[in-house]
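In what follows, a single structure is set out as structure tokens and then discussed.
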Amino acid sequence: MPDYPAWQLEHSYSRLPNLFFNEVEPTAVTQPELLVFNHALATELGLPEEEAAVYTGNRLPPGARPIAQAYAGHQYAHFTALGDGRAILLGEQITPMGERFDIQLKGPGPTPFSRRGDGRAALGPMLREYLISEAMHALGIPTTRSLAVASTGEKVWRQDGGLPGAVLTRVASSHIRVGTFEWAAANRNVEALRALAEHTRRRHYPEVENHPVALYEAILERQATLIARWMLTGFVHGVMNTDNMALSGETIDYGPCAFMDAYHPETVFSSIDREGRYAYANQPPIAQWNLARLAEAMLPLFHENEKQAVEIANGLIPKFETRFKHHWLSGMRAKLGLFTDETDDIGLIEDLLNWMQQSAADFTNTFAELSTARFEDSEWHQRWQARIARQPQSRETCTELMRRSNPAFIPRNHKVEEALAAAQDGRMQPFHDLLAVVTQPWDHDKHLPDYSKPGTPAGYRTFCGT
Ligand code: AMP
Ligand code: MG
């Protein structure tokens with residue numbers, strides 16, 4: 001075993017056929033400065049403390065072999081060839097525990113996939129990704145992580161003029177997406193498809209038998225648990241294009257995402273999502289739609305006869321709905337402190353959600369405060385209490401389960417905006433304060449009304465991080 005901390009970069013992805021990546025160098029920036037660094041994550045990864053230059057791409061760490069990954073994707077249902085237009089993978093760090101994580105720079109300059117883009121990122125969106133991804137991790141939701149945000153000293157030019165530029169260091173189990181499979185399929189390269197499937201299985205599903213149907217089912221199962229976790233936490237991803245769905249089952253690509261406060265199934269934050277394709281309640285059917293695109297891409301692996309392959313796919317895709325509902329229901333039961341199953345639990349949950357919708361109740365706080373006096377005189381509360389009384393567990397055990405299943409803190413939209421605005425003016429303290437709160441989301445004993453009150457600005461709109 002090497003002496004840690006140390007860079008231990010491997011490049012298993014680069015052994016895939018050439019159509020999956022391009023070698024590329026980051027473009028140096030004038031003034032790298034480290035603004036945020038995740039010491040705890042660096043320790044887990046076994047990485048040494050580094051100077052800012054490494055986290056902007058100015059200096060490559062030992063063993064780096066930078067590439068941009070190729071992929072395609074359905075963006076708002078339209079198929080497009082894409083690829084990392086503003087991200088460069090340095091390699092896969094092997095941790096002291098023997099795990100493998102992609103270390104990727106986001107915003108390090110153009111790549112062959114940049115099209116008309118500059119390959120750069122603005123500070124606000126990179127800090128936003130850092131904050132939300134680390135909050136998601138603390139909430140126990142599978143996600144890519146954030147290791148660092150470094151400012152570049154350069155401006156990036158967007159619709160709203162010149163903005164401070166930055167590079168985010170993203171850490172992920174891998175960056176293989178539904179769109180990576182779509183890319184192989186679009187090239188009509190069955191050998192490449194097979195190699196990608198085998199790479200994906202070994203990397204993320206080593207316990208699964210070496211068969212494309214088994215792999216697909218395992219991927220579907222992980223997506224079902226992931227989307228259930230989003231729904232149970234009020235998370236709206238905002239841009240669930242197939243290139244933004246990772247086969248590892250991690251949440252990836254924090255663009256226009258946000259947490260909803262007032263419960264409404266049609267909640268949309270993304271400025272470009274005018275038809276609500278990626279609205280809160282649409283996330284499960286969209287995940288299934290994306291998995292249908294994955295099945296389509298995998299058809300030649302399912303069966304050499306296309307008709308039979310389609311039959312296999314048609315049998316697999318609907319399983320998502322069943323598996324999602326299963327995970328959602330068990331998660332909802334936990335949120336209500338329920339250990340046992342009763343047939344009318346769905347009715348109990350739906351009545352609560354309907355009430356929340358009608359009264360625009362805050363999603364997070366309603367669940368966090370269910371057992372408080374605030375709700376006691378409602379008819380629903382009495383039904384719920386009676387339901388709790390029918391199970392053998394003590395009240396304390398139920399309350400414990402609820403405290404573990406209903407966070408006290410999520411990144412509130414008004415606090416996120418406040419922190420990002422301050423950072424743009426060179427004041428990082430509000431960001432660090434907010435980060436400290438949202439990375440301890442289960443701390444119900446902390447009284448921080450400013451961080452727990454809803455306060456989504458009127459007409460709140462979020463933007464893709466371009
Ligand atoms: P996203 O919405 O972040 O998932 O990005 C969609 C695609 O656009 C990806 O292939 C990105 O790499 C690419 N892209 C986004 N922003 C830029 C940029 N500033 N320069 C080049 N490519 C970009
Ligand atoms: Mg993306």
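Everything numeric in this text was worked out from a predicted model, so none of it was measured. Each ligand, and each atom within it, is numbered from 1 in the order the structure gives.
Set against the non-hydrogen atoms of Gly117, the atoms of ligand 1 under 4.0 Å away are 20 (N), 21 (C). Below 4.0 Å from some heavy atom of Asp84 lie the following atoms of ligand 1, by number and element: 12 (O). The Gly83 neighbourhood of ligand 1 comprises atoms 9 (C), 10 (O), 12 (O), with distances under 4.0 Å to a heavy atom of that residue. Near Asp253, with a cut-off below 4.0 Å to any heavy atom, the atoms of ligand 1 are 3 (O), 4 (O). Listed by number with element, the atoms of ligand 1 under 4.0 angstrom from any heavy atom of Tyr71 are 9 (C), 10 (O). Counting the atoms of ligand 1 from 1 in the order shown, those under 4.0 Å from a heavy atom of Gly119 are 18 (C), 19 (N), 20 (N), 21 (C). For ligand 1, the atoms lying closer than 4.0 Å to a non-hydrogen atom of Gln75 are 6 (C). Here is the list of ligand 1 atoms found below 4.0 Å of a heavy atom in Asn244: 4 (O).
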Under 3.5 Å, sequence neighbours excluded: what are the donor-acceptor pairs made by side chains of residues 13-24?
residue: Tyr13; atom: OH; partner: Phe20; partner atom: O; Å: 3.0

Could you give the side-chain donor-acceptor pairs of residues 25-32 under 3.5 Å, partners two or more places apart or in another chain?
residue: Thr30; atom: OG1; partner: Glu154; partner atom: OE2; Å: 3.4

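At least one side-chain heavy atom of Leu45 sits less than 4.5 Å from a side-chain heavy atom of Phe101. Contact annotation: the side chain of Phe431 approaches that of Tyr130 to within less than 4.5 Å [non-hydrogen atoms, C-beta and beyond].
Note that Arg170 lies outside the cation-pi zone of Tyr254, set by a 6.0 Å cut-off to the ring centre and a 45° limit from the axis. Geometrically, Arg323 does not engage Trp328 in a cation-pi contact, judged by NZ or CZ lying under 6.0 Å from the ring centre and within 45° of the ring axis.
In summary, Asp253 and Lys106 engage in a salt bridge, as defined by a charged side-chain N under 4.0 Å from a carboxylate O. With salt bridges taken as basic N to acidic carboxylate O contacts below 4.0 Å, none links Arg461 and Asp273. Taking the charged nitrogens against the carboxylate oxygens, Arg201 and Glu209 have no contact shorter than 4.0 Å, which rules out a salt bridge. Ionic pairing of Glu182 and Arg293 is not present here: no N-O contact between side-chain nitrogen and carboxylate oxygen is shorter than 4.0 angstrom.
Neither the backbone nor the side chain of Trp157 comes within 4.0 Å of ligand 1, counting heavy atoms alone. Contacts between Arg158 and ligand 1 below 4.0 angstrom, taking non-hydrogen atoms only, involve the side chain exclusively.
Applying the side-chain contact (heavy atoms from CB on, under 4.5 Å) test to Ala246 and every residue at least two apart in sequence or in another chain returns Ser248, Ile252.
Protein contacts to the Mg ion (ligand 2) involving N, O or S atoms at a distance below 2.8 Å are Asn244 OD1, Asp253 OD2.
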